[in-house]
Amino acid sequence: MLKQVAEGVLVHESDFIRSNSVVVQGPAGVLLIDPGITSDEMAALANDLRELDQPVLAGFSTHSHWDHVLWHANFGDAPRYGTARCAASIRDLLSHADWKDRIAGGLPPEFADDIPMDLLGLITGLPAGAAQIPWDGPKVRIIEHQAHAPGHAALLIEERGVLVAGDMLSDILMPFLDLEAANPLEDYLAALLLFENVAGDVVAVIPGHGSAGGAEQLRARITQDRAYVQALRDGAVPDDPRVGPSAPLDWLPDVHRWQLQRLAQRKQNETPE
Ligand SMILES: [Zn+2]
């Protein structure tokens with residue numbers, strides 16, 4: 001079930017919103033990014049890795065949302081990392097006695113029983129501003145930004161030219177803003193600029209959900225996501241197939257309307273009486 005995107009970079013796609021788990025091969029084992037969704041999927045992935053004789057040496061979560069901080073016992077007990085902000089965010093959630101209920105409320109009902117909570121979010125924060133993931137394998141540069149979630153990280157596997165984008169740059173999801181942040185629109189545009197700055201070094205982009213794409217796709221997605229965010233900022237109607245009548249997922253137009261509503265409320269609260 002593992003598909004190769006570039007030499008030494010493999011992807012496993014989940015049935016849940018086409019979530020991508022990314023495997024980066026090193027000389028003695030792999031780095032596992034956003035490990036997966038259902039118990040069965042992760043067990044199958046662990047099995048595939050065992051057959052390839054590739055132990056999991058390290059894990060990394062691009063951000064603290066539940067679908068990116070899961071784990072399965074069969075991956076072993078390798079260190080699991082995230083940015084300092086990501087780790088703080090999940091630590092805050094886990095500090096509430098009812099954290100499982102809080103997450104369960106947001107789970108897709110058709111998958112809820114298959115999503116293992118036991119090892120969710122057990123992440124070590126890297127030092128603030130850490131430039132790369134500490135592991136014995138190809139250098140993985142951390143491109144941290146404030147968009148989608150606190151301490152969200154994209155990863156650039158430099159020698160393979162692969163950008164692992166987390167929940168950014170998806171072909172099936174329009175930008176989901178971090179509406180708790182002080183400047184969600186500006187943050188998002190700044191993050192897209194960071195991606196644009198490394199685009200010349202990228203031959204493949206892997207989003208957290210959806211299809212991997214090549215260098216042209218990367219630029220097209222940056223342009224498309226920027227147009228969406230700018231439309232939200234300027235009060236225009238985005239010309240974006242992901243939220244139109246033929247949206248790839250039928251609930252996306254609702255999320256789009258919700259984002260519009262929240263932004264409008266925020267603006268109102270900012271306006272002095
Ligand atoms: Zn996600």
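As the structure lists them, so they are numbered: ligands from 1, and atoms in each ligand from 1. Residues: numbered from 1 along the sequence shown.
One of the N, O or S atoms belonging to Asp67 lies under 2.8 Å away from the Zn ion (ligand 1). Among the backbone and side-chain atoms of His65, no N/O/S atom is found under 2.8 Å from the Zn ion (ligand 1). Look at His68 and the Zn ion (ligand 1): an N/O/S atom of the residue is under 2.8 Å from the metal.
Side-chain contact between Ile142 and Leu126: present, with at least one pair of heavy atoms (C-beta onward) separated by less than 4.5 Å.
Closest N/O/S atom of Asp167 to the Zn ion (ligand 1): OD2. Of all N/O/S atoms in His209, NE2 sits nearest the Zn ion (ligand 1).
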| field | Test side-chain hydrogen bond (donor to acceptor under 3.5 Å, both in side chains) applied to Ser19 and Ser14, step by step | value | CA-CA 5 Å; Ser19 301; Ser14 165; 4.7 Å; no
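Ile222 and Leu173 fall within the same hydrophobic cluster, defined by Ile, Leu, Val, Met, Phe, Trp and Tyr side-chain heavy atoms under 4.5 Å apart, directly or through other members.
Taking the six-membered ring for Trp and thresholds of 30 and 60 degrees, His152 and His145 have ring planes inclined between 30 and 60 degrees apart.
Arg221 and Asp225 are not joined by a salt bridge, as no carboxylate oxygen comes within less than 4.0 angstrom of a charged side-chain nitrogen.
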